[in-house]
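Input: a single structure, listed below in structure tokens.
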Amino acid sequence: MLSRRIADLAGSPVRAMLETAQRPEVISFAGGLPAPDSFADLDLPAPPLEVLQYGPTEGEPALRARIAQDLAELGLDAPPERILILSGSQQGIDLAAKLFVDRATPVAVEAPAYLAALQVFRFFGGALQSLDRADPAAAWSQAESRPVLSYVTPTFQNPSGHCWSADERDALAQACDAAEVALFEDDPYRDLAYDACERGPICARLQRASWIYQGSFSKTVAPGLRIGYLAASADLFPHLINLKQAADLHTNRLSQWYALRYLEDPSRAQRLNRLVNRYRRRRDLFAAAMDRHLGGLADWEVPAGGLFFWATLKSGADTGELLRRARERNVLFTPGEHFFADKPTPSASMRLNFSHADEDAAERGLAILGELLSQSAGQTG
């Protein structure tokens, strides 16, 4: 007999498309894949033999200390002894769900929200509820509607690209403190900022509530390393260590060694600046191509950072149906239905990744989407 949780386990629609996306003729806007030319190119010596041995569950001490230094500059109470190195930030979501979520545990998430987090919370039986970003305290005033955990990606949100204002961040921090709701802040895109906006962690604003703050090297170094990290309040951290130990003993030490070399590289700031400039240019070219091919057909905002555009069709048509037609033309994107706490229902929105496809491919792919939408408008007009 399989566990009852399997009934709540669904595959990721993005992962299901990755095999198709590997074909050279396919133009993919579907996944959050960094550009291959963005991967950090470090001139590295041979690693020490010690990193081939088992290591501490918490992670390499030098790497934890270096991350703690960066987090202190963001105002977080996150000393090295409360830094946990992860096998990718997806593991942090899994650990948090194991720590907080039983069947019917209320969990507050954004609308839309990161689909892989929804996948994990559903697997553990969480009762998902949409977060009112403007006034979360109002929804939590009654004990029966109060979540145990609130999960957010407030900086260049996945999938919408939205960057929360200072007032929105303050409102959530105050609501979590007042209602004793634990906050899980996922922050993988904060370094990919192309325009000025508020990026201060919400966790740094908390006074009483328990918290987890998570970051990643996938978007700035290389996703294949599978290196992420989290910091947590003192009451949660020991449990997270035990859960991590039960999952995989420790994170890959070679990858940790590589990540530390990146952080200690004297040219790190210059590398990051070049990456941001490269992505800003791709964003702007993508926005111009969207104007050419989707103008009048969809609404969107140009994101201030991150890797995604969130577009909503003016016709209100189902983007799931649009994807089926686009796949026949070798174009992929992610329909909006997968990013909401309710079970997937037709949505007029879609997430478009601008970082992976080069300029020519993006132009062709958006032209095909515009052509398909124009055809649909003609058929219904």
State whether a side-chain donor-acceptor pair under 3.5 Å links [X] with [Y].
X	Y	result
D186	Y114	no
R325	Q375	yes
D235	S233	yes
R280	N277	yes

Inset, instruction - Go through the steps to decide whether E50 and W257 satisfy the test side-chain hydrogen bond (donor to acceptor under 3.5 Å, both in side chains), and finish with yes or no. - result: CA-CA 10 Å; E50 66 188 49; W257 177 82; over 6 Å; no
Inset, instruction - Would you please test Q119 and H338 for side-chain hydrogen bond (donor to acceptor under 3.5 Å, both in side chains) and show each step? - result: CA-CA 10 Å; Q119 181 185 27; H338 301 292; over 6 Å; no
Sub-4.5 Å side-chain heavy-atom contact between [X] and [Y]:
X	Y	result
F184	S150	no
P154	R169	yes
L206	D177	yes
F29	F354	no
L63	Y258	no
I227	L86	no

Inset, instruction - Using the side-chain hydrogen bond (donor to acceptor under 3.5 Å, both in side chains) rule, take D265 and S267 through it: C-alpha gap first, then chi angles, then the decisive distance, then the call. - result: CA-CA 5 Å; D265 187 346; S267 62; 3.0 Å; yes
Inset, instruction - Evaluate the salt bridge (charged side-chain N to carboxylate O under 4.0 Å, His left out) criterion for residues R283 and D195: first the C-alpha distance (whole Å), next the side-chain angles of each, then the deciding distance (0.1 Å), finally the verdict. - result: CA-CA 11 Å; R283 179 204 63 175; D195 303 320; 2.7 Å; yes
Inset, instruction - Please assess F121 against Y151 for the test ring pair (Phe, Tyr, Trp, His ring centres under 6.0 Å), listing each intermediate value before the final yes or no. - result: CA-CA 10 Å; F121 295 141; Y151 170 83; 5.6 Å; yes
Determine all donor-acceptor pairs shorter than 3.5 Å in which one atom belongs to a side chain in residues 357-370; sequence neighbours excluded.
residue : atom : partner : partner atom : Å
D358    : OD1  : D360    : N            : 3.3
D358    : OD1  : A361    : N            : 2.8
E363    : OE1  : R292    : NH2          : 2.6
E363    : OE2  : R292    : NE           : 3.2
E363    : OE2  : H293    : NE2          : 2.7

Group every Ile, Leu, Val, Met, Phe, Trp and Tyr by side-chain heavy-atom contacts under 4.5 Å, then state whether [X] and [Y] land in the same group.
X	Y	answer
L249	L243	no
V276	L285	no
V148	L236	yes
I241	Y54	no

Inset, instruction - For the pair F217 and Y229, name the ring-plane relationship: parallel under 30°, tilted 30 to 60°, perpendicular over 60°. - result: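 The rings of F217 and Y229 sit tilted, inter-plane angle from 30° to 60°.
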Inset, instruction - Check the angle between the aromatic planes of F156 and Y194 and answer parallel, tilted or perpendicular using the 30° and 60° thresholds. - result: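 Answer is parallel, since the angle falls under 30°.
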SB check [X] [Y] (cutoff 4.0 Å):
X	Y	value
K219	D191	no
E371	R329	yes
D70	R66	yes
R281	D284	no

Inset, instruction - Dump the intermediate steps for side-chain hydrogen bond (donor to acceptor under 3.5 Å, both in side chains) on D248 and S87, then the final yes or no. - result: CA-CA 9 Å; D248 65 358; S87 299; 2.8 Å; yes
Legend entry - Side-chain (S255) to main-chain (T251) donor-acceptor, under 3.5 angstrom: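 No; judged by distance alone, with no hydrogens or angles, the pair does not exist.
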Inset, instruction - Taking R351 for its side chain and F333 for its backbone only, find out whether a donor-acceptor pair lies under 3.5 Å. - result: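 Not confirmed, R351 side chain does not pair with F333 backbone.
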Legend entry - Atom of A68, atom of I83 and distance for their closest heavy-atom approach: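 Heavy atoms of A68 and I83 come nearest at CB-CG1, 4.1 Å.
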Legend entry - Test applied, side-chain contact (heavy atoms from CB on, under 4.5 Å); reference residue, L84; option that passes from I67, I212, L240: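 Testing L84 for a side-chain contact (heavy atoms from CB on, under 4.5 Å) against I67, I212, L240 leaves exactly one candidate, L240.
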